[in-house]
S.K.: 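Next up is a structure, given as structure tokens.
Within every chain, numbering begins at 1; the chains are lettered A, B, ... in the order of the sequence lines, protein sequences first and strands thereafter.
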Amino acid sequence: MSYDPADIETRWRERWRQEGYYEADPDEDGDATFITVPYPYPSGGMHVGHARTYTVPDVYARYRRLQGDNVLFPIAWHVTGTPIIGAVERLKKGEEEQLSVLRDTYNVPEETLQDLETPMGFARYFIEEHYKKGMRQLGLSVDWRREFTTNDERYSKFITWQYRTLKERGLLEKGLHPVKYCTNEDNPVTTHDLLEGEEAEFQEYTLVRFEGEDGAILPMATLRPETVRGVTNAYVDPDGDYVRATVDGERWVVSRQAVQKLELQDHEIGGDSELSGADLVGERVTNPITGDEVLVLPASFVDTDNATGVVMSVPAHSPDDYIALQEAKERADEMAEYGIDPEAVRAIESVPILTVEGYGEVPARDAVEEYDVSSQEDPALEEATQELYNREFHQGRLLEAYGEYAGETVEDVRERFRDDYRERGAFGAMQEFTEDVVCRCGGAVEVAKQETWFLRYNDEDWMAKTKRLVGDLDTIPENTREQYTHTVDWLNEWPCIRNYGLGTRLPWDEDFVIEPLSDSTVYMAYYTIAHRLDEIPPGEMDRAFFDTLFYGTDAAEAPDERALELREEWDHWYPVDYRVSANDLISNHLTFYLYHHAELFDEANWPEGITIMGMGLLEGRKMSSSKGHVVLPGEAIDEYGADTVRFFLLNSAEPWQDYDWRDEAVSSAHGQLRRFYNRATEVIEQGSPGDPGVRAAEPREHDAPDEPDLRPIDEWLLSKLQGVIREATEALEGFETRTASQAAFYAMEEHLRWYRRRADLDREGARWTLRHVLSRRLRLLAPFTPFLANELHERLAGESAEDAGWPAVDESREDPTVEVRESLVESLTDDINDIVDVTGTDPDVVRVYTAADWKRSVFEQVVETGPDVGAVMSEVMSDPDLRERGDEVNDLVQELVEFVREQEDDRLAILEGTEEADVYADAVGFYEREFDADVRVLDETGAEDPGDRAGDAVPFRPAIHIE
RNA sequence: GCGGGGGUGGCCGAGUCCGGACAAAGGCGGCGGACUUAAGAUCCGCUCCAGUAGUGGUUCGAGGGUUCGAAUCCCUUCCCCCGCACCA
């Protein structure tokens, strides 16, 4: 019967489902092990990249189960927020791209599309038809009783408890925060809603409050507030539209566009009157820091749609400003039309505010000259600016006039300086994007400030707790620990609510919804009880209920009995042993997870480990559902079977490494599994009179009565098996799925290949050995290819691999001597092969000469003395017989010293006790088959030496002659 | 810029922590052979250069150093990838 994955896999899926095999309850035997993975977000279908995300924890879960643990691996569905709503809206609008993703990429049937026109209908479709189906097909060992969605009423009660608790502990705070806001739809928007500017970042400009002659404020926008003492003049766009308006009760002059932005950013805007930029030109404005008056000059490079449309000029430090001023001076006479005295323009001098190594008094001039910038349009200008800004930021030291800031680098004092003058009222602030942002509706998107609730991730106590948690966390791989620590240091306040979307309403303000990264931080606790909440009315799941559940009897005045019962479930499973998640989530989601656990639960229930996963590529390119560049798990499974898909995903790279799904490679993995299956079937069908190691969770003793006579080559294979078991076990302890499966599958296959070649398989001992090895190997493979492994193990031994358990290393079967001896056989094979190959002859007779006794005693001397030519020589030369041999001995010592130096001590000790000739003599039969020749093992000193080769023999490196 | 990861043979990818059997596992691809009517599957060998004897030469981004010995340790340098906030 040939390998038919669909047949095997269907049967096992059905069996697991019927038996509820992976349903885990506290009353079962074994250590409680709780493994979680981020619940999928069904805003689209599942592709093979997702498949790996869920298979990695599954492998670990299966491994722990084989080790005897009671393992809980649950799953649920994350629907919070706007992505699903956005997807539904794009569908309803009939957007081509969206329709194509649904129809072509995810194969949604035409008649089903209308079911997807509500958010939960959409989610439900992908949950049922993609994720759940896919996960079942993959054979994930999930306890399906516990699934839920984050839009469920009871889940919301749990999140409500979480947020009320955090608020009560002062970890939530209300404040203003910049958001992306569509000026056309008058609504905040998310990155998904954007047509252009998805990459745009928020940038905060400092507004330096220059004062006009009439007392109105001209707020000059700058990213370099510390240059304020170097301002020589201001620029406006003479053709731009400006307005005089009341801002927070003051009179301001800004560009037309700036007014709207300021209004969005929480400023009170009053009646305005229009004027043109030209009207402003020539005005004198006063620097709020220095009190100096400077001229407003016209400049076409000023963009009225960026910040305030009024900019200050610092020619000493800005190459742009330096060039602009040069050009202004050249055109000074034209300025007269604005009523400016040309002499006043020509009189403007750069004012340096800092010194920076490598530049003179006016760094901008040096930069312009160095890059040979000719005009404002010269592309070299940007390079010059970049270079100078960088140097000044890191190395520029402020001059005396800066008082307490003098002598400091810009990098060190910019923020302090800015905040200082902001408090004193000289500076303001304004947010702007780094590039234009356009909504899908076509409207301009601007920065708006919105009242919102924050999680205070920068709270000192909270940070300290979380850092303590990180310190004790098992971070896999270890080098991710630094990333968590860094994130804790770097996280500020996090706005945790949105204006709309699915999920849980903010308990004390129903207008807002708790956003997805904030409602998924402690839900692992909910898994422990999710399957037992049906009989509890949501209305009764209040603060006291959850307090009792998580904090015990004393937490509420009248503890709810039901909550106390559920508490046992929670107590049993918590803490989470491992969470398996993607590496790009360290900087937010995973660190939030740590924060919330650190706060809400006591130390004993803090997360114990996190394993990070890498990204997936498809044929070397990033997967993308919108481009249809994805492989669906169902399709891959139909073609190759779930075992192949799993095996490939786990074997091609360690979980945290990026991997590449290449059809060719998957197909090859499938071939490997098929060959494995065929060979295993042969072993099974061949049968064996002896016990194949059925109830073999306990290692069998060497002298077990039913164990047939074993030859050294059998012992060799069994010894190798122990090494493989050890390696696979250690690897899986650290989530190294690649190392583990490589060992269990490929390394073991290598050993078997040699064994099949080397051993006479037509013996009872060989059949027993092969069955014994197969049983162990199937159990090592069970986490990776559970269908195949369980099926074959059941046929071999009458019980499934998962029931048989993980094999233990049987130290009594580890035999270094037998391994060393076999390695001699192997290297002699290689040597003969090399000679055959290089001479191109097909030998009829192969003569193998082992080294003479005196050479052997030189070897022993080298081992005893150590690899030191001089020392060995003096020892050796004291022996008259050896001294007689002169140069011959010298050469041999050289060679043996080198050999010995490179060997492990253990191996040397074994070699010393090895009678080389016996090893080769035992293998003569093998050599004769191998080379189809008459093979003779001889002593160097024997007579038969037609090729005059015998003298070349060295201990453990016999001379060879072929003819 | 900040934080993290990485550069190995035609390709993918181990090895690097703890230097030594490393011309460097394994896979893919290629070549030759066995089996076969043939193809496929399977098995064996070869696949940096030279070679009718197991050898020698030159390799692990680049340059330098430590060592009897370096892909592995140290220094310098070049290049690539990922994340960086309200987006899940």
Side-chain angles (χ1 to χ4, degrees), chain A residues 2 38 40-41 43 78 80-84 177-180 188 190-194 198 201-202 390 393-394 411 450 452 454-455 457 477-480 482-487 489-498 515-518 520 582-589 612 614-615 620 651-654 656-660 662 664-665 667-669 671-672 674-675 678-679 738-739 742 745-747 749-750 753 756-757 823 827-828 830-841 867-869 897-904 907 930 947 949 952 956-962:
Chain A
S2 65
Y41 200 97
S43 58
H78 201 195
T80 308
T82 57
I84 291 173
H177 196 84
V179 297
K180 291 175 182 147
T190 69
T191 305
H192 290 276
D193 303 321
L194 300 181
E198 290 98 325
E201 289 175 30
F202 293 100
N390 226 333
F393 182 68
H394 296 290
E411 184 176 14
Q450 284 227 323
T452 189
F454 300 98
L455 281 159
Y457 289 132
E478 172 58 33
N479 61 29
T480 54
E482 175 55 29
Q483 295 187 53
Y484 295 103
T485 309
H486 184 256
T487 304
D489 282 331
W490 161 88
L491 272 174
N492 275 319
E493 295 168 318
W494 182 270
C496 61
I497 54 169
R498 296 288 178 274
E515 61 90 36
L517 288 176
S518 301
S520 52
N583 58 12
D584 53 338
L585 294 178
I586 292 178
S587 61
N588 49 47
H589 197 192
I612 285 312
M615 309 254 290
N651 184 262
S652 62
E654 299 295 4
W656 47 88
Q657 295 173 326
D658 293 351
Y659 66 98
D660 188 1
R662 286 179 300 139
E664 191 184 75
S667 169
S668 140
Q672 308 273 6
R674 192 182 56 239
R675 258 165 273 163
N678 291 337
R679 251 202 262 285
R738 176 186 156 86
T739 304
Q742 288 267 340
F745 196 82
Y746 292 107
E749 189 59 40
E750 286 280 291
R753 203 187 299 181
R756 284 191 290 264
R757 206 170 139 191
S823 74
S827 68
L828 179 57
D830 289 344
D831 282 347
I832 299 173
N833 251 324
D834 280 349
I835 296 168
V836 167
D837 200 55
V838 87
T839 56
T841 45
D868 177 330
V869 177
V897 160
E898 214 164 293
F899 174 75
V900 165
R901 181 149 56 200
E902 289 168 355
Q903 306 294 319
E904 303 279 341
R907 185 178 164 88
E930 191 73 9
R949 298 274 174 194
D952 295 342
F956 308 108
R957 186 117 203 290
I960 298 162
H961 175 250
I962 64 174

S.K.: Just to be sure I understand the rule, does A:Glu930 reach a base, reach only the sugar-phosphate, or reach nothing, if contact means heavy atoms closer than 4.0 Å?
M.R.: nothing
S.K.: Is the shortest side-chain N/O distance from A:Gln657 to OP1 or OP2 of B:rA14 below 4.0 Å?
M.R.: yes
S.K.: Under 4.0 angstrom, heavy atoms only, what part of the nucleic acid is A:Pro477 near: base, sugar-phosphate, or nothing?
M.R.: nothing
S.K.: Taking for each residue the nucleotide of RNA chain B bearing the nearest heavy atom, is the 5' side occupied by A:Leu585 or by A:Leu491?
M.R.: A:Leu491
S.K.: Looking across every strand, which nucleic acid part, if any, lies under 4.0 Å from A:Ile832 by heavy atom: base, sugar-phosphate, or nothing?
M.R.: nothing
S.K.: Using a heavy-atom cut-off of under 4.0 Å over every strand shown, decide if A:Asp834 touches base, sugar-phosphate, or nothing.
M.R.: sugar-phosphate
S.K.: May I ask you to check whether A:Ser518 and A:Glu515 show a side-chain donor-acceptor distance below 3.5 Å?
M.R.: yes
S.K.: If you look at every strand shown and take non-hydrogen atoms under 4.0 Å, does A:Arg757 touch a base, only sugar-phosphate, or nothing?
M.R.: sugar-phosphate
S.K.: In Watson-Crick or G-U wobble terms, both distances under 3.5 Å, what is the partner of B:rU42?
M.R.: B:rA34
S.K.: Tell me which nucleotide, if any, is Watson-Crick or G-U wobble paired with B:rG3 when both distances must be under 3.5 Å.
M.R.: B:rC82
S.K.: Strictly below 4.0 Å: does A:Arg679 bring a side-chain N or O up to OP1 or OP2 of B:rA41?
M.R.: no
S.K.: Which listed nucleotide (B:rA21, B:rA85, B:rC84) is nearest to the side chain of A:Trp494?
M.R.: B:rA85
S.K.: Tell me which of A:Thr839 and A:Glu482 sits closer to the 5' end of RNA chain B, going by the nucleotide each one is nearest to.
M.R.: A:Glu482
S.K.: Can you tell me which nucleotide in B:rA85, B:rU42, B:rA88 comes closest to the side chain of A:Asn492?
M.R.: B:rA85
S.K.: Give one of base, sugar-phosphate or nothing for A:Arg662, where a contact means two heavy atoms less than 4.0 Å apart.
M.R.: sugar-phosphate
S.K.: Categorize A:Pro495 for me: base, sugar-phosphate, or nothing, with a 4.0 angstrom heavy-atom threshold over every strand shown.
M.R.: base
S.K.: Got a salt bridge between A:Arg753 and A:Glu750, using NZ or NE/NH1/NH2 to carboxylate O under 4.0 Å?
M.R.: yes
S.K.: Which nucleotide wins on minimum distance to the side chain of A:Gln483, given the candidates B:rA41, B:rG4, B:rA21?
M.R.: B:rG4
S.K.: Could one point to a donor on the side chain of A:Arg907 or the base of B:rA21 with an acceptor on the other under 3.5 Å away?
M.R.: yes
S.K.: Quick test of your reading of the model: are A:Arg907 and A:Glu902 salt-bridged, counting only N-O distances below 4.0 Å?
M.R.: no
S.K.: Touch check for A:Leu517, heavy atoms < 4.0 angstrom, all strands: base, sugar-phosphate only, or nothing?
M.R.: base
S.K.: Regarding A:Gln903, tell me which of base, sugar-phosphate or nothing describes its non-hydrogen contacts under 4.0 Å with the strands shown.
M.R.: base
S.K.: Within the 4.0 Å heavy-atom criterion, would you say A:His961 contacts the bases, only the backbone, or no part of the nucleic acid?
M.R.: base
S.K.: Could you work out which one of B:rA88, B:rC44, B:rA21 sits closest to the side chain of A:Arg753?
M.R.: B:rC44
S.K.: Under a 3.5 Å cut-off for both contacts, is B:rA50 paired Watson-Crick or G-U wobble with anything, and if yes, with which nucleotide?
M.R.: B:rU55
S.K.: Remember a base hit wins even if backbone is also touched, and classify A:Asn583 as base, sugar-phosphate or nothing at under 4.0 Å, heavy atoms.
M.R.: nothing
S.K.: Measure from the side chain of A:Glu902, starting at C-beta and using heavy atoms only, and say which of B:rG83, B:rG20, B:rA88 lies closest.
M.R.: B:rG20
S.K.: Would you indicate what A:Ala959 reaches in the nucleic acid, counting non-hydrogen atoms under 4.0 angstrom: base, sugar-phosphate, or nothing?
M.R.: base
S.K.: Within the structure shown, what part of the strands sits under 4.0 Å from A:Glu898 by heavy-atom distance: base, sugar-phosphate, or nothing?
M.R.: nothing
S.K.: If you only use heavy atoms from C-beta on, which nucleotide in B:rA53, B:rA88, B:rG54 is closest to the side chain of A:Arg957?
M.R.: B:rG54
